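Here the structure comes first, spelled out in structure tokens, and everything after it is commentary.
Not measured: the values here are computed from a predicted model. All values below come from the heavy atoms of this structure, side chains included, with hydrogens, waters and symmetry mates left out.
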Amino acid sequence: VTLASDDDKPSRPVLHASLITLDSTDNNCALKTTNKKYPLKYETGEGSSYQYVVGCEEVEDVESFLWQIVMHSMDDTIFDPEFVFPIKNGDKINLLSWMTKNFLNSHTVAAPMSKRLHEVTGYINHNVGMEPELIWEVVLPPPANVWLVDMEGVQLRHVKTGKLLSVTGKTYPDGSWGDGMKEVAGAKPMEGNNKWKVGFNRIPNYVEILGKEAVEELYNNGTSELTMNDDSLRNNTSSSIADLKILNGKEKELLKTIEKSALNLDKIKLILKEDGFSINSIVNSDVYNPIDAYNLIKRTSRTWHKIRKLLQKEKLENEVKENIEITISKFPSWEHSRIASALGLVNVQVYYDLDPSDLVEGIVKDNLKNITHQAETKLGVGDAKLIAQVAEEENHYSSAIQWLALFPQLRKRYKKLVTLHNELIAYYPDVAVTKEIFTFNETVDESLPSDNKLSELIKKGRSQCPPFQGDDTGCVGSCIPYYYFPEIKSLCQGDKTIRPASKDVDTKCEHLTFANPYLQLGPFLMEHSNKEGNYVGVVHSLLSETEMEEIKKKTVGQMKATPYNVANTQLTFSYKRTSKVKYISERSDELAAKITKRLELAMGYRIYSPDYKYTAENYQIMNYGFGGSISLHLDSSNDISDNDISGGRITTAMLYLSDVQSGGFTIFPKLGLFFKPESGSLLYWKLRRMDGSIDARMHHMGCPVLYGDKWIGNKWIRWNAQMDRFKCFLPSTDNYLSNDQVVKSERW
């Protein structure tokens, strides 16, 4: 047998989402962008776009020269080996610098050295109207149709300008911005060296795709100065009760400062009164109450800025005036807070069937406990208008109509939405279902002919995702929150009738020891909650009050908005998640390491290994805002971007770090399960079946916080380190037994 040499092997195609270096065919250099910017003005007095410098330099460290090649028509930058897309002649592509995470850009701004040519940059949005021009066309040497790794003479034509990516005969200065690189510019065919080849090629791994900041938070040392900035800490204040407490404290201190200054308060009281507030409403405000919390955001982001203008005209000591100015300047922005704040009130009204006429009076009813939380403040016509607008944008038409009906000033908007609602019910019920609009079952204020088709369509939709089944045939991801919304609301309100008693024949409570002599001295208090399908269980009293308070103390004032994944893209904030987080790691925190050892004993998993950081993710400590919720979701997926990192998530471990006076349950609609937050307990559930597939019954949701301060700590455990016990590739669709049964069978 004769082995083929490398020369005999067929050349590999360049693939979408792969990483490459682009070497200039006629120069000993490769395309590179740096984190330095072209000067705002050159010594000649001419200007630039002030974006990242792009040049051509001899390769020393390959990683800093890498570009991810992305087909412009594709929705994401994730490489999937099951769906490979070779780059072909004429394809439109984007090139993403793997080092700076900026796209290769060109425009008609003059190049730095060759003024007749076009500047090539790593794009930065300076919000000055200079839009990105990132699309390049692949031009292969004839007669080639597919771009191959060893192909020479490849050209990249900028789609907007028509110029070719070229290395000129000039060199950037060695000084502050150019690093002595060869100039790269957009040029006509005969004006530069425009032939390129792939010098290096590899497939990215999915840890890299997460980015350095996410890897630091999830798998290294957690949230730190490296991953935080002032904006991330200050923004989205409504998403955290802890942040609202801090804000409320600053407002009260500000009031004391003004009172001590001997300033006449009459004008300030008048401004407060115009916006529906008083000094007493500030002093007695209850941030646990969603009405007072909403008004705290509105007051600090709007009313105090009016007071600020007033105080600028008053004669105050410089130190006092400066203190007031600094405090108010750090208050949240209404523009950034108004939607999330209104959504918090939409959530509590919709999920708990509250009457908006009560809410405008500051009355928040907990119908499960039959108690009422009275706010110090109330809502006005402007608030109702905003809340109705947000409800309508969230497709809660019935809620929006209720809010608009409260005030005569909103009558015109009310009639317009009622007309739209009635037409949907009577004539276009299929549109209502397709767009997942939550409406009343009947027309409002008028009778129109209806064949009750809406009810039939919803019944048909429910049949696509029946409860207590692991697969939803023909059902898109959002069908459960839409078709089963009545059950979701009932579970959030503590309805025990949705889950049949037959589902709990084999669930029980026990002292859990895993037959371990050490644990027999102090067994875990284990409550099995679901064994049909993926396992769900609760370990009670796992953490002490002291430990929970210490965790919160490490977290308060250092949280950012909870990340949210949409189409494989991690967003830094979403209105769908009204909470804030900080990541804490066993690598840098003794208490976290202590708790993890306890979790390993309670769950039978390997959770922390100092030599392998992808065994599990760091603790995600989360605090919710008013009306704070996590929309229905799965914690894992069959997507390769999850599976490629240590086999993907296999289990969610959720530590409850506080009790919640009203609301805030964790629910599993397809299992008919709800869990009331119980401080110190651990709720955990399996995410995958034995063959690695996802069980739809594990869709879960954090119900809105009705009144109180909800804290949790999430730990996601990954599969690879568990595979000697929790084996894969066993019969398709089979679910794991409870952890204690698995561990016993393996005889650890």
Side-chain angles (χ1 to χ4, degrees), residues 213-214 216-218 220-257 282 285-290 292-294 296-297 299-301 304 323-334 336-337 340-341 344 543 545-563 572-573 577-585 587-592 595 618-628 655-658 660 664 679 705 708-714:
E213 182 176 308
E216 179 67 20
E217 292 199 318
L218 292 174
N220 288 333
N221 293 310
T223 303
S224 67
E225 293 80 5
L226 298 174
T227 63
M228 290 188 299
N229 57 57
D230 289 341
D231 286 341
S232 67
L233 297 177
R234 188 180 72 168
N235 288 345
N236 315 120
T237 304
S238 62
S239 297
S240 163
I241 292 295
D243 279 7
L244 287 168
K245 286 181 179 178
I246 294 171
L247 180 63
N248 189 222
K250 289 179 178 177
E251 185 186 31
K252 290 177 180 177
E253 285 298 319
L254 179 60
L255 196 58
K256 288 180 182 178
T257 300
I282 295 174
S285 184
D286 179 6
V287 295
Y288 288 173
N289 190 300
D292 279 346
Y294 169 89
L296 171 64
I297 292 288
R299 192 168 57 243
T300 52
S301 61
W304 276 105
N323 184 24
I324 293 170
E325 186 72 22
I326 290 172
T327 301
I328 296 177
S329 69
K330 291 183 178 179
F331 281 167
S333 157
W334 183 241
H336 294 149
S337 305
S341 299
L543 299 179
E545 192 67 35
T546 302
E547 288 171 329
M548 290 184 284
E549 288 306 312
E550 188 176 341
I551 292 170
K552 295 176 200 175
K553 189 176 179 181
K554 295 171 186 285
T555 306
V556 170
Q558 301 178 54
M559 294 177 289
K560 8 190 241 190
T562 305
T572 56
F573 172 71
R577 290 194 168 189
T578 42
S579 56
K580 296 184 81 171
V581 298
K582 179 182 178 180
Y583 293 90
I584 296 178
S585 173
R587 287 173 168 74
S588 54
D589 190 277
E590 289 184 10
L591 178 57
I595 292 171
N618 289 332
Y619 287 100
Q620 183 196 62
I621 309 302
M622 181 183 296
N623 180 229
Y624 290 74
F626 63 91
L655 293 161
Y656 286 116
L657 304 177
S658 70
V660 179
S679 63
V705 176
D709 187 12
K710 181 179 177 180
W711 286 84
I712 62 171
N714 290 316

Closest non-hydrogen atoms of G708 and I241, given as atom of the first, atom of the second and distance, are O-CG1, 3.7 Å
For E251, the salt bridge (charged side-chain N to carboxylate O under 4.0 Å, His left out) test, sequence neighbours excluded, returns R299
Between P332 and I297 the two heavy atoms that sit nearest each other are CG-CD1, 4.3 Å
Hits for side chain to side chain donor-acceptor pair (under 3.5 Å) against E549, two or more places apart or cross-chain, chain-then-number order -> K552
Taken in chain and number order and not counting sequence neighbours, the residues that satisfy side chain to side chain donor-acceptor pair (under 3.5 Å) with K554 are D589
Exercise for the section: Give a yes or no answer on whether the side chain of S658 reaches the backbone of W711 with a donor-acceptor pair at less than 3.5 Å. Expected result: yes
Quiz item: Side chain of S585, backbone of G222: donor and acceptor closer than 3.5 Å?
Solution: no
D286 meets the side chain to side chain contact (heavy atoms under 4.5 Å, CB included) criterion, sequence neighbours left out, with Y288, N289, D292, Y707
Looking only at heavy atoms, the pair that brings W334 and S301 closest together is CE3-OG, 3.2 Å
Worksheet entry | Side chains of T555 and Y619 in contact at under 4.5 Å (non-hydrogen atoms) | no
Residues at least two apart in sequence or cross-chain that pass side chain to side chain donor-acceptor pair (under 3.5 Å) with N714, listed by chain then number, are Q620
I584 and N618 have their tightest heavy-atom pair at O-CB, 3.5 Å
Given the options I621, I712, L543, I551, L655 meets side chain to side chain contact (heavy atoms under 4.5 Å, CB included) only with L543
Test log, rule side chain to side chain contact (heavy atoms under 4.5 Å, CB included), inputs N248 and L244: CA-CA 6 Å; N248 189 222; L244 287 168; over 6 Å; no
Would you find more than 12 non-hydrogen atoms of other residues, nucleotides or ligands less than 6.0 Å from K252 atom NZ? yes
Applying side chain to side chain contact (heavy atoms under 4.5 Å, CB included) to T223 and not counting sequence neighbours gives E217, T227, M228, K582, Y583
Exercise. Side chains of K245 and D709: does their closest heavy-atom pair fall under 4.5 Å?
Worked result: yes
inquiry  = Side chains of L247 and D243, heavy atoms from C-beta outward: is any pair under 4.5 Å?
reply    = no
Sorted by chain and residue number, the side chain to side chain contact (heavy atoms under 4.5 Å, CB included) partners of L255 (sequence neighbours excluded) come out as E259, I279, I282, V283, W304
- Query: Does a side-chain heavy-atom distance below 4.5 Å link L226 with E213?
  - Reply: no
Nearest heavy-atom approach of A242 to M559 is CB-CE, 3.9 Å
CE (M622) and NZ (K580) are apart, to the nearest 0.5 Å, by 12.5 Å
By side chain to side chain donor-acceptor pair (under 3.5 Å), S240 pairs with (sequence neighbours left out) N623
So CE of M548 and CD1 of I595: to nearest 0.5 Å the spacing works out to 9.5 Å
